[in-house]
Amino acid sequence: PDQPLQHLTVHRCEDTAGACELGTQPVILKLGLAERFLNRAGAGLFESGMLCLGMGTSAVAQLNSGMLALLMPAIERLTWGETAPIMLEVRPQLPPRFVIGDPDPDGPEGPLEPDGRSMSILLGDAQIDFHLWMLDRWVKLLTVQMDLDVGLRLEAEAGQIVPAVGAIRAADVVVTDADIIGPPNNINDLFTDLLGLVAGMIPPIAPVALPELSGFVLEVPDGGLTGV
């Protein structure tokens, strides 16, 4: 106990999970979070209904009928060329699945290139309802069902874990309930572009402060957040 911290011998970790292969610098404490527990937490959120989310013009001003008309020109006929609010409602049909690290290029998610994400959140058969404000009421334009792959980056800054949404990808896109404007052409390319726009508009996620443990301040070194 009286020995200075810098003179302590740090033994090489030999755990079979590979959690000590980081090799950045000696550390005192290592914490792990398993995909299994993340998936259990995701199932609980799914059952509670907390993943049924809504986002519209009131939250993101750029998300309006003008932006949507760039991808689906038929909307301009419904707004008489004016800009109107829209609302997106996300309704997952399956519990989310978490994958730590970059996606496997040869895995079931398809040939995806590594993009620096810390983890992937996979939502199968997610449905998104598109609503347009017209004639003083919300009118449903269409429903899109797709498999969503949401990239999440985690970085350590000033004693905090800062999450940020990265790339959002879509696959197996199917459009229903599009009687008002008709099913758009090139639907897969269309919603790939739309998700790229929406990803850049998502507000920043609040950082998570690292707690103190009995007076010890946690400091994450460079490269300290990694998947194994």
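This structure is a prediction, so every number in the text was calculated from the model and none was measured. The basis for the numbers below is simple: all heavy atoms, side chains too, and nothing from hydrogens, waters or symmetry mates.
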Distance (rounded to the nearest 0.5 Å) between [X] [atom1] and [Y] [atom2]:
X	Y	atom1	atom2	result
Leu148	Asp172	CG	CG	11.0 Å
Met72	Leu78	CE	CG	10.5 Å
Asp177	Phe130	CG	CZ	12.5 Å
Ile75	Ile86	CD1	CD1	7.0 Å
Ile128	Leu88	CD1	CG	7.0 Å
Met119	Ile121	CE	CD1	7.0 Å

All salt bridge (charged side-chain N to carboxylate O under 4.0 Å, His left out) counterparts of Asp129, not counting sequence neighbours: Arg91, Lys140
Those residues that, when tested against Leu45, pass side chain to side chain contact (heavy atoms under 4.5 Å, CB included) (two or more places apart): Met50, Leu51
Cluster companions of Val162 among Ile, Leu, Val, Met, Phe, Trp, Tyr (side-chain spacing under 4.5 Å): none
Residues clustered with Met87, ILVMFWY side-chain links under 4.5 angstrom: Trp133, Trp138
Specify the closest pair of heavy atoms between [X] and [Y], including all atoms of both residues, with the distance to one decimal.
X	Y	value
Pro85	Leu132	O-CD1, 3.6 Å
Pro207	Pro163	CA-CD, 4.1 Å
Leu63	Met67	CD1-CE, 3.3 Å
Ala170	Met146	CB-SD, 3.5 Å
Ala84	Thr79	CB-CG2, 4.0 Å
Phe98	Leu38	CE1-O, 3.3 Å

Flag, side chain of Asn64 to backbone of Thr83, donor-acceptor distance under 3.5 Å: no
Expected output: side-chain Asn39 to main-chain Gly42 donor-acceptor under 3.5 Å: no
With Phe46 via ring-ring contact (aromatic ring centres under 6.0 Å, His included) - residues at least two apart: none
Derivation and outcome, side chain to side chain contact (heavy atoms under 4.5 Å, CB included), residues Val150 and Val165: CA-CA 7 Å; Val150 181; Val165 176; 4.0 Å; yes
Step-by-step side chain to side chain contact (heavy atoms under 4.5 Å, CB included) determination, Leu94 to Leu123: CA-CA 7 Å; Leu94 297 171; Leu123 292 169; over 6 Å; no
Test log, rule side chain to side chain contact (heavy atoms under 4.5 Å, CB included), inputs Val139 and Arg137: CA-CA 6 Å; Val139 176; Arg137 62 192 179 99; 4.2 Å; yes
Residue list, side-chain hydrogen bond (donor to acceptor under 3.5 Å, both in side chains) with Gln145, at least two apart or on another chain: Gln127
Stepwise side chain to side chain contact (heavy atoms under 4.5 Å, CB included) test for Leu142 and Thr176: CA-CA 6 Å; Leu142 49 85; Thr176 59; over 6 Å; no
